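Predicted model only: the values in this text are computed from it and were never measured.
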Amino acid sequence: MYRFLLTPRWWGINVFLLLAVPFCIFMGSWQLSRFEARVDDHRTAQAQVSEDRTEAARPLSEMLPVDKATSGKRVTATGRYGTQLLVPDRTLDERKGFYVLTLLRTDGGKALPVVRGWLPGTADAAAAPAPPAGEVTVTGALQASETPGDNGVSARGGLPAGQTAAISAASLVNLVPYDVYDAWVTLDTADSGMTAVPATAPAGTGLDLKAFQNLGYTGEWFVFAGFVVFMWFRLLRREVEFQRDAALGLLPEAEAGEPATAEAGEPATGEEPAAPGTSYDGASTPVR
């Protein structure tokens, strides 16, 4: 009864099953490992942020360029404050406000973006305290340049003069007349009554939408594997039932191999053959 499994058609079905199921399981396992890796990165990043707060600050030059290992580390830099900008639409403790961003011109010739603090409400230059005069040394958490559209960073343009949507060298280079470090610092202690902006974990280490997409893809691949097996058993069952019915003579004549209609030129059962030269007019009366 199962000899049909050796037919070319079933050889193709079986080979497809043997290839598709392991492939789906492999892809599902790979997506699951990606999700687990993101969870581990998130835990490590959160623990790193806590540890960085207690570490001794190091010179800025020793911590560049910013990567996952240096993001959040405490650094120090010395220089003179220059241009001040506002970063609107920033939320802190579930309140909407803005950052006060001031460029620190260092002895190296470049300017370091420094977030001196956060203020509630709509961005207003009159509400932002003026930066200290003279040479200052700042200490804070090193952060990578922001990318518009990621982690709540606004991507809108057309902001008033003196404002920027993202803190990045690419955004600031057109707003200030000097070179800018591809990094920024948020002060440990905010200036002049402002609220300090806490450091954030490096990009790509949080449980964001991409992480849960990996988890969703894991489920999809395992469902595909189960569906392939289900369809194989369904086809097998139908084929076995067909073979059993054929052996018992329970199939219709057409499926059992008998002709379903009379041969062309032969009369139907119960009718006499027409005489030569005789035709019918659609009823039973011969027309000669």
Practice task
Kindly determine whether Asn14 and Trp232 satisfy side-chain contact (heavy atoms from CB on, under 4.5 Å), including the steps that lead there.
Solution key: CA-CA 8 Å; Asn14 293 335; Trp232 184 86; 2.8 Å; yes
Handout entry: salt bridge (Lys or Arg N to Asp or Glu O under 4.0 Å) assessment of Arg9 paired with Glu239
Key = CA-CA 12 Å; Arg9 172 173 172 266; Glu239 191 74 28; 3.6 Å; yes
Exercise for the section: Would you sort out whether Val229 and Leu17 count as a side-chain contact (heavy atoms from CB on, under 4.5 Å), showing the intermediate values? Expected result: CA-CA 7 Å; Val229 175; Leu17 174 74; 4.3 Å; yes
Practice task
Test Arg116 against Asp191 for salt bridge (Lys or Arg N to Asp or Glu O under 4.0 Å), laying out the working first.
Solution key: CA-CA 6 Å; Arg116 297 172 49 233; Asp191 287 341; 3.1 Å; yes
Exercise for the section: Give the C-alpha distance, both sets of side-chain angles, the deciding distance and a yes or no for side-chain contact (heavy atoms from CB on, under 4.5 Å) between Tyr99 and Thr186. Expected result: CA-CA 10 Å; Tyr99 292 168; Thr186 176; over 6 Å; no
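Taking CG from Leu85 and CG from Leu159, the interatomic distance works out to 10.5 Å, rounded to the nearest 0.5 Å. Atom CD of Gln31 and atom CG of Leu215 lie 10.0 Å apart (nearest 0.5 Å). In this structure, Leu172 CG and Leu175 CG are separated by 6.0 Å, a value rounded to the nearest 0.5 Å. Between Thr122 atom OG1 and Asp89 atom CG the span is 8.5 Å, to the nearest 0.5 Å. We find the CG-CE distance between Leu142 and Met63 to be 6.5 Å, quoted to the nearest 0.5 Å. Atoms CG and CG, on Leu64 and Asp182 in that order, are 9.0 Å from each other to the nearest 0.5 Å.
Counting heavy atoms from C-beta outward, Phe227 and Met231 have side chains that approach closer than 4.5 Å. Between Ser33 and Trp30, the closest side-chain pair of non-hydrogen atoms falls below 4.5 Å. Using a 4.5 Å heavy-atom cutoff, the side chains of Leu236 and Trp10 are in contact. Using a 4.5 Å heavy-atom cutoff, the side chains of Leu92 and Pro198 are in contact.
Crowding of Phe222 atom CZ: a count of heavy atoms from other residues, nucleotides or ligands under 6.0 Å exceeding 12. By the 6.0 Å contact criterion, OH on Tyr178 is enclosed, its count of non-hydrogen atoms from other residues, nucleotides or ligands being greater than 12.
Val21 and Phe26 sit in two unconnected hydrophobic clusters of ILVMFWY residues. Membership requires side-chain heavy atoms under 4.5 Å apart, directly or through other members. A single hydrophobic cluster is seen to contain both Met194 and Leu86, as judged by linkage of ILVMFWY side chains at heavy-atom distances under 4.5 Å, directly or through other members. Two different hydrophobic clusters hold Val185 and Val197 under the rule that ILVMFWY side chains link at heavy-atom gaps under 4.5 Å. A single hydrophobic cluster is not seen to contain both Phe230 and Leu235; linkage of ILVMFWY side chains at heavy-atom distances under 4.5 Å, directly or through other members, places them apart.
Shortest non-hydrogen contact noted between Gln84 and Pro131 is OE1-CD, 3.4 Å. Minimum heavy-atom separation, Val173 to Ala170: CG1-O, 3.5 Å. Of all non-hydrogen atoms in Leu187 and Tyr81, the two that sit nearest each other are CD1-OH, 4.3 Å. Between Ala165 and Val87, the shortest heavy-atom distance links the atoms O-CG1, 3.9 Å. For the residue pair Leu119 and Ala127, the shortest heavy atom distance occurs at CD1-O, 3.4 Å. Taking both residues in full, the closest heavy atoms of Cys24 and Phe224 are given as SG-CB, 3.8 Å, listed atom of the first, atom of the second, then distance.
Residues satisfying the side-chain hydrogen bond (donor to acceptor under 3.5 Å, both in side chains) test with Arg238, not counting sequence neighbours, are none. Under the side-chain hydrogen bond (donor to acceptor under 3.5 Å, both in side chains) criterion, Asp188 pairs with Arg74, not counting sequence neighbours.
In terms of modelled atom types and a separation under 3.5 Å, the side chain of Thr218 and the main chain of Leu32 share a donor-acceptor contact. At least one donor-acceptor pair closer than 3.5 Å links the side chain of Ser29 to the backbone N or O of Ile25. Of the possible donor and acceptor atoms, one in the side chain of Trp184 sits under 3.5 Å from a partner among the backbone N and O of Ala144. Side chain of Trp118 to backbone of Arg90: a donor-acceptor contact under 3.5 angstrom is found. Within the 3.5 Å criterion, the main-chain N or O of Ala126 finds a donor-acceptor partner in the side chain of Asp124. Put simply, the side chain of Thr91 never gets that close to the backbone of Glu94: no donor and acceptor are under 3.5 Å apart. A donor-acceptor pair under 3.5 Å is formed between the side chain of Glu146 and the backbone N or O of Ile167.
Using modelled atom types and a 3.5 Å distance limit, the side chains of Thr78 and Thr137 yield a donor-acceptor pair.
With ring centers used as reference points, Trp221 lies under 6.0 Å from Phe23.
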